[in-house]
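What you see is a predicted model; the values in this text were computed from it and never measured.
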Amino acid sequence: MSIAVDIPTERMSIEQFIAWAEQADPGRCELVDGRVVKLSPERARHWSVKQCIWLAFREAIRSQGLDAYAAVDGPSIATGPRKMRQPDVILQSRPSDWDSVFSDHPIIVVELISPSTGKTDAVAKFEEYFSVETIQHYLIVDPDQRSVVHHAKGSNGWRTQIIHEGTLLLDPPGLTVNVDTFFEELN
């Protein structure tokens, strides 16, 4: 049985948020404009697809010999002075500090949409993630539609493609994954 945690109403810096979260143990939360936002409980479809994406990334990293690291529900990303997001899946360079709560070099971030998060994932998080210099790819995955919206940085801004099946090349870092594996547990 979990104990209810009071969510602070005052605005916090990232440092204050981390100190509070380590003390209060509130579960999955993000910091948005200095305010704590508790993330909704996930349905089986959501966490199943999330695990499949992480596993596809991990297997591709190993088979393609990349010096990268994939994490699910792990490191946070500071997207501003009072903003800290926690993507569903992240691919980054190997962590330089194994005690950090932050990804120090995120390359690919993945968010799975749900009815309550679609607009935030498509607009606010898109802007925030691409404000982080090292992020090259942002994948918005829709488990219901079995689709992936792939936003990629390029020399002339960003480009977008929608994928329902087949191979997806994420370069950099040179990762190739089969989108079908993201949804294989739903079959």
Side-chain angles (χ1 to χ4, degrees), residues 18 28-30 39 42-79 83-114 117 121-122 125-155 157-187:
I18 292 170
R28 291 189 69 216
C29 292
E30 293 181 327
L39 299 178
E42 297 174 344
R43 306 224 184 279
R45 175 180 287 112
H46 190 97
W47 49 259
S48 177
V49 171
K50 184 167 42 174
Q51 292 293 331
C52 286
I53 294 169
W54 169 80
L55 186 57
F57 280 8
R58 184 170 175 239
E59 289 176 356
I61 289 166
R62 288 180 175 177
S63 70
Q64 296 164 30
L66 299 175
D67 186 25
Y69 181 81
V72 63
D73 289 340
S76 296
I77 298 174
T79 60
K83 293 181 181 179
M84 191 171 98
R85 296 293 188 170
Q86 192 175 56
D88 288 313
V89 181
I90 185 171
L91 184 135
Q92 66 173 43
S93 301
R94 289 217 164 263
S96 59
D97 177 1
W98 287 98
D99 291 323
S100 178
V101 297
F102 292 103
S103 171
D104 54 3
H105 196 268
I107 302 166
I108 302 168
V109 291
V110 180
E111 293 285 0
L112 278 71
I113 64 169
S114 63
T117 67
D121 293 337
K125 288 184 180 181
F126 173 83
E127 291 176 4
E128 289 178 40
Y129 286 143
F130 277 126
S131 73
V132 177
E133 185 177 331
T134 62
I135 294 176
Q136 300 298 308
H137 305 275
Y138 176 35
L139 306 179
I140 302 173
V141 178
D142 184 336
D144 293 330
Q145 299 299 315
R146 296 183 184 210
S147 65
V148 177
V149 177
H150 173 212
H151 299 290
K153 278 185 184 172
S155 57
W158 51 269
R159 62 180 165 72
T160 300
Q161 63 178 330
I162 300 172
I163 302 160
H164 293 278
E165 61 186 1
T167 303
L168 175 61
L169 172 61
L170 301 164
D171 192 29
L175 184 82
T176 303
V177 292
N178 185 333
V179 170
D180 302 326
T181 63
F182 293 3
F183 310 105
E184 67 186 5
E185 292 294 320
L186 301 180
N187 294 330

Checklist outcome for this item: Interatomic distance, CD1@Ile140 vs OG@Ser147, rounded to 0.5 Å, equals 10.0 Å
Next on the checklist: Rounded at 0.5 Å granularity, tell me how far CD in Glu184 sits from SG in Cys52.
Outcome noted: 5.0 Å
Checklist entry - Is the shortest heavy-atom distance from the side chain of Ile90 to the side chain of Ile108 under 4.5 Å? => result no
Checklist entry - So, Ser96 versus Asp104: side-chain donor-acceptor pair below 3.5 Å or not? => result yes
Next on the checklist: Evaluate Glu111 against Tyr138 for side-chain hydrogen bond (donor to acceptor under 3.5 Å, both in side chains), listing each step before the verdict.
Outcome noted: CA-CA 8 Å; Glu111 293 285 0; Tyr138 176 35; 5.2 Å; no
Next on the checklist: Looking at Tyr129, is its backbone amide N or carbonyl O close enough to the side chain of Thr79 to form a donor-acceptor pair, meaning the two atoms are under 3.5 Å apart?
Outcome noted: no
Next on the checklist: If we ignore hydrogens and angles and just use 3.5 Å, is the side chain of Arg146 paired with the main-chain N or O of Leu186 as donor and acceptor?
Outcome noted: yes
Checklist entry - Taking side chain as C-beta onward, heavy atoms only, is Pro87 less than 4.5 Å from Val110? => result no
Item to check | Ser48 side, atom OG; Phe182 side, atom CZ - distance, nearest 0.5 Å | outcome: 13.0 Å
Checklist outcome for this item: Of all heavy-atom pairs linking Leu175 and Ala60, the shortest is CD1-CB, 3.4 Å
Next on the checklist: Whether the side chain of Ser131 engages the backbone of Glu128 through a donor-acceptor N/O pair (distance < 3.5 Å, no angle test) should be reported.
Outcome noted: yes
Next on the checklist: Would you say that His137 contacts Val109 through its side chain, given a criterion of any heavy-atom pair below 4.5 Å between the two side chains?
Outcome noted: no
Please table the atom pairs, donor to acceptor, closer than 3.5 Å between any side-chain atom in residues 64-72 and protein atoms at least two apart or in another chain.
residue: Gln64; atom: OE1; partner: Thr176; partner atom: N; Å: 2.9
residue: Gln64; atom: NE2; partner: Thr176; partner atom: O; Å: 2.7

Next on the checklist: Walk me through whether Arg45 and Asp144 qualify under salt bridge (charged side-chain N to carboxylate O under 4.0 Å, His left out).
Outcome noted: CA-CA 8 Å; Arg45 175 180 287 112; Asp144 293 330; 3.4 Å; yes
Next on the checklist: Working note: Ile135 + Ile77, criterion side chain to side chain contact (heavy atoms under 4.5 Å, CB included); need CA distance, chi angles, decisive distance, verdict.
Outcome noted: CA-CA 10 Å; Ile135 294 176; Ile77 298 174; 4.1 Å; yes
Checklist entry - At their closest point, which heavy atom of Ile113 faces which heavy atom of His46, and how far apart are they? => result O-ND1, 4.3 Å
Checklist entry - Heavy atoms, side chains only, cut-off 4.5 Å: are Leu112 and Ile53 in contact? => result yes
Item to check | Salt-bridge present (Lys50, Asp73; N to O < 4.0 Å) | outcome: yes
Next on the checklist: With a 4.5 Å cut-off on side-chain heavy atoms, are Pro173 and Leu91 touching?
Outcome noted: yes
Item to check | Side-chain heavy-atom pair Val141, Val49 within 4.5 angstrom cut-off | outcome: yes
Checklist entry - What residues form a side chain to side chain donor-acceptor pair (under 3.5 Å) with Gln136, not counting sequence neighbours? => result none
Checklist entry - Is it true that Glu30 and Lys125 make a salt bridge, defined as a side-chain N closer than 4.0 Å to a carboxylate O? => result yes
Show the atom names and distances, to 0.1 Å, of all donor-acceptor pairs under 3.5 Å that link a side chain in residues 157-170 to residues at least two apart or in another chain.
residue: Thr160; atom: OG1; partner: His151; partner atom: ND1; Å: 2.7
residue: Gln161; atom: NE2; partner: His150; partner atom: ND1; Å: 3.0

Checklist entry - Which heavy atom in Thr181 sits nearest to a heavy atom in Ala56, and how many Å separate them? => result OG1-CB, 3.5 Å
Checklist entry - For Val149 and Leu139, what are the C-alpha separation, side-chain angles and deciding distance, and is it a side chain to side chain contact (heavy atoms under 4.5 Å, CB included)? => result CA-CA 6 Å; Val149 177; Leu139 306 179; over 6 Å; no
Item to check | Nearest non-hydrogen partners of Lys153 and Phe130, listed with the distance | outcome: CE-CD2, 3.2 Å
Checklist entry - Would you say Gln92 and Pro75 make side-chain contact, with heavy atoms under 4.5 Å? => result yes
Next on the checklist: Pair Ile107, Ser93 - check side chain to side chain contact (heavy atoms under 4.5 Å, CB included), show working.
Outcome noted: CA-CA 8 Å; Ile107 302 166; Ser93 301; 4.1 Å; yes
Item to check | Enclosure of Arg28 CZ (heavy-atom neighbours >12, cutoff 6.0 Å) | outcome: yes
